Visitor: 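Quick one: this structure, given as structure tokens, is what I'll be asking you about.
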Amino acid sequence: MKIAQVIVDVSTYAVNRPFDYALNEDAPYVEIGSRVKVPFGRRDVIGYVVGLKEDTDVDSAKLKLISEVVDYRPALTEELVELAQHLAHHTICYEIDALQAMLPAAMRTSYERLVVATVPLEQLSPALRDIFESSLTQSFDSLTPVQQKLCKDAALVGEVEFQTSMKQQTTIKTERVLHIPSLERLRQIEGELSNRAHKQKQLLAYLMNYPNEALVEKVVREEADVAGPTIQTFVTAGYIERSEREVYREIDASQMAYDEKLALTTEQQRAFEAVRDAIDASRAETFLLHGITGSGKTEVYLQAIERVLERGEQAIVLVPEIALTPQMTARFKGRFGDKVAVMHSALSQGEKYDEWRKIRRGEVSVVVGARSAIFAPFTNLGLLILDEEHESTYKQEDVPRYHARDVAIWRGNYHQCPVLLGSATPALESFARAQKGVYTLLSMTERPKQSALPEVSVVDMREELRTGNRSMYSHALIQAIRERMERGEQIVLFLNRRGFASFMLCRDCGTTMQCPHCDISLTYHRSVERLKCHYCNYETYVPPKCPHCESESMRFFGTGTQKAEVELKKVIPDISVIRMDVDTTSRKGAHEKLLSAFGRGEAQVLLGTQMIAKGLDFPNITLVGVLAADSSLHLADFRASERTFQLLTQVSGRAGRAHLQGEVIVQTYAPEHYSIQLAKQQQYIPFYNVEMQMRKRFGYPPMFYIVALQLSHASLEKVIHYANQTARFLRQALDDSFIIVGPAPSLISRVNDRYRYQCLIKYKAENNLFDVLHQLMHMYRTKWMKEHLRLSIQMEPQSLM
DNA sequence: AGCACGCCGACT
DNA sequence: GTCGGCGTGCTC
């Protein structure tokens, strides 16, 4: 007998294991990775086949049959099924969550419970008759509790039946195609038509131009100027045949300008050859391409991919979400044409689904996309690339908490192909691995377009204060902005707003406006004139007086982009500014619109947060101003210095990319800090050395691996109790090579009226760690959860907030 | 997660 | 006496 092992679409501890199902012998196309519909308990669910075998230990009385195979071609490959198991184990999640993460959201199944009347309406009681009056099938969940009860009772006597309806969230788009007969047949039809059937004659005349062809119905309707019913008449009469065929949703086919292959510099050539050799040798080698901003990493990627395609293999390119601008993707499409699929968040569910199917069918060979594109179902991978590999967006924040870099390396191993990590400011972890020889280091230190690195100057804002300048713009920056305006050049102003938004403070008693549910200050939003909590979405009005001492000297502190714009216009009234922040870019496509408006020179200044640090590459920008470089330094987070350095380096790279000399002005209250000083000189390696000393001293990555366990509960007492229990359990279950830190209150000690505590595990070798964490999870799922405790486990957290 | 089974308090 | 509360246990 053929048995399939199935992981069911139920995300719970108790069913996080394969269930055996018998297979009908006439269902030969069930493979590992197939989605199937199976009876599970009292209902039907979707499941994934993760194994096939010949026999089972399950009681034959219990064993059930697979009721349906969902897709003709298995949704997942065997490789991805294996990867899901690996992820479930290493990120501590359920296998089903890992499997789901690999498919486009469109393929998620939504379930609806249905009640179907199985006897004629007249035979039902009057109350039931009311329910089924409109239709014999009703949605169970939209009935009132009383009606639900009636149905349950009726089910016992067999008057109604329960069913589960499953549907995919987004379906395959189809179009109708008309098959036109031969010319002789058309002539024959002409004779059969009535003289008064003008529209039909018109249609026929049009069809005469296309005998024996297949035409898209929509096009025929438009060009022959006939309506649907006319065509329907022809179909019904048997004059023409009609069928449906799958089509892909069209994504912006407009820009396909050919992208010319560039000659490589010596450095680029050396990097390219190293990667090419690994490609040719089918070697699973990880490269770290450390190239300063503007050193032409993309061209190396493109030529390496070209090599992969020549070998008939496939490539995945990951780019941080915000860098996936049309400019960026156009370059790949320009080089490789329709062999490229693009995957990013601006696509609709349906569009993503279509791109995914092109990949699954092997119709494309390159995918350029954000984090989740790392799961692209290619079967013959030859190269995986992560651009800006240090970006924190490569780590998924919720379950399954995977890091795309780890997944890339796993897949590289599976396919025996190289992985290429590129960055101007590699993550400390990556550079450390390159130093140890785990990764192969490739360096590029020159800019090919003989454009010089911009000149960077640091302005001490404390000095500005001393000389009486209380604004957020230094004299030097204002002066530089004025110069660019006169020369007709453009300016980018960058506000490092991480952990530093505008809050309200009473100058008399020092009261700050706090969120009543979280341990955090409320943020002032000028556009709606309200205070908001960024953690629980609590919102309130701006108080006219201090709620504590009734004083009227409530003031806003901190800097938002809105305030920065207002202040700038106070000093230079005739300046035109495009502001890019959450408020102005929330609408779909707004991001691109603002950028292209700036590119066309519609404004002198582009002012924004993080999101403008990447991806924009306009020749006319000659000045970059960083308003508060150190604001991210004050976060109590072990990556604070690294983030600041990365940000400053990236931002500086935006100035003077073409023939014009660029200038960067960095304003800060901590000019002597090493991350600011070394970013000023674009000196990554000295920064790496200093930062590694710090990490070593405080025992942080990459010296240690860390796991963060976050516990929360509405009661402070309870959360402390369980946090202590967690720490005790870990100390007893793990040996001395593990360091358990805490428990201690989280940095933000309360969110949404829940108190938060955390424990850290630091370690160098994993030993039995995963077993212990799974045991802990088991304890939590089976006991602690009932007490409304919440526990989450983060492997290698990006921050410790 | 759903859903059923099962064992104790408040209603027709 | 029955309806229904949610604790417990199972799903191939």
Side-chain angles (χ1 to χ4, degrees), chain A residues 1-25 27 30-70 81 85 88 92-101 108-116 125 127 138-158 160-167 169 398-400 777-792:
Chain A
M1 188 171 30
K2 231 180 169 184
I3 302 290
Q5 296 178 283
V6 176
I7 297 281
V8 292
D9 180 15
V10 180
S11 180
T12 327
Y13 178 79
V15 296
N16 183 33
R17 63 188 170 87
F19 285 82
D20 287 356
Y21 283 90
L23 218 49
N24 254 338
E25 289 303 332
V30 170
E31 289 171 39
I32 290 177
S34 291
R35 287 191 299 173
V36 290
K37 198 191 260 189
V38 291
F40 192 65
R42 284 254 157 181
R43 66 216 157 107
D44 282 355
V45 292
I46 294 289
Y48 296 81
V49 176
V50 297
L52 292 166
K53 52 186 186 179
E54 291 300 321
D55 52 83
T56 174
D57 305 333
V58 177
D59 250 21
S60 57
K62 274 182 161 184
L63 193 69
K64 293 181 186 170
L65 267 172
I66 283 179
S67 38
E68 196 181 300
V69 183
V70 179
V81 169
Q85 271 160 18
I92 324 288
C93 73
Y94 304 130
E95 218 169 311
I96 187 67
D97 292 325
L99 288 164
Q100 302 268 35
R108 299 264 158 84
T109 323
S110 59
Y111 297 87
E112 194 183 17
R113 285 182 291 176
L114 299 178
V115 204
V116 187
S125 68
Q138 293 292 326
S139 156
F140 181 74
D141 294 293
S142 56
L143 297 177
T144 65
V146 179
Q147 290 175 320
Q148 294 187 346
K149 179 77 183 62
L150 279 169
C151 289
K152 278 187 179 169
D153 293 344
L156 294 176
V157 294
V160 304
E161 207 177 83
F162 285 94
Q163 282 176 13
T164 317
S165 130
M166 284 176 245
K167 59 170 184 286
Q169 284 188 3
D398 44 54
V399 179
M777 237 18 209
H778 184 199
M779 218 145 70
Y780 162 64
R781 293 287 172 195
T782 53
K783 301 199 183 76
W784 301 357
M785 225 167 80
K786 289 179 190 143
E787 296 250 18
H788 303 111
L789 181 87
R790 256 179 253 161
L791 167 69
S792 79

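These numbers were taken from a predicted model, which means no experiment stands behind them. Chain naming here is simple, since letters A, B, ... match the order of the sequence lines and numbering starts at 1 in each.
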Visitor: Given atom CZ of A/Phe140 and atom C1' of B/dG2, what is their separation to the nearest angstrom?
Guide: 11 Å
Visitor: Given B/dA1, C/dT11, B/dG2, which nucleotide is nearest the side-chain atoms of A/Arg113?
Guide: B/dG2
Visitor: Between B/dA4, B/dA1, C/dC12, spot the one nearest the side chain of A/Arg42, thanks.
Guide: B/dA4
Visitor: Is the shortest distance from a Lys or Arg side-chain nitrogen in A/Asp9 or A/Arg108 to a carboxylate oxygen in the other one below 4.0 Å?
Guide: no
Visitor: Can you check the A/Lys783 NZ to C/dG9 P distance for me, whole Å?
Guide: 12 Å
Visitor: Parallel, tilted or perpendicular: which one describes the rings of A/Phe140 and A/Phe162, with boundaries at 30° and 60°?
Guide: perpendicular
Visitor: Please report, rounded to the nearest Å, how far the P atom of B/dG2 is from the CG atom of A/Asp44.
Guide: 14 Å
Visitor: Rounded to whole Å, how long is the line connecting atom CG of A/Asp57 with atom P of C/dC12?
Guide: 16 Å
Visitor: Quick one: closest heavy-atom pair of A/Arg17 and A/Ala14, and the distance?
Guide: NE-O, 4.1 Å
Visitor: Grab the NE2-C1' distance between A/His788 and C/dG7 for me, whole Å please.
Guide: 13 Å
Visitor: When the distance from OH of A/Tyr13 to P of C/dG9 is rounded to whole Å, what number comes out?
Guide: 15 Å
Visitor: Which part of the nucleic acid does A/Phe40 contact within heavy-atom distance under 4.0 Å: base, sugar-phosphate only, or nothing?
Guide: base
Visitor: Just how far, in rounded Å, is P of B/dC3 from OH of A/Tyr111?
Guide: 12 Å
Visitor: Answer with base, sugar-phosphate or nothing: what part of the nucleic acid does A/Pro39 contact at a heavy-atom distance below 4.0 Å?
Guide: sugar-phosphate
Visitor: Under 3.5 Å, is there a donor-acceptor pair linking the side chains of A/Tyr48 and A/Gln100?
Guide: yes
Visitor: Could you check whether atom CZ of A/Arg790 has more than 12 heavy atoms from other residues, nucleotides or ligands sitting under 6.0 Å from it?
Guide: no
Visitor: Do any side-chain nitrogens or oxygens of A/Arg43 fall under 4.0 Å of OP1 or OP2 in B/dA1?
Guide: no
Visitor: Just the rounded figure in Å: distance from C1' of B/dA1 to CD of A/Glu95.
Guide: 17 Å
Visitor: How would you label the contact of A/Ala22 with the nucleic acid (heavy atoms, under 4.0 Å): base, sugar-phosphate, or nothing?
Guide: nothing
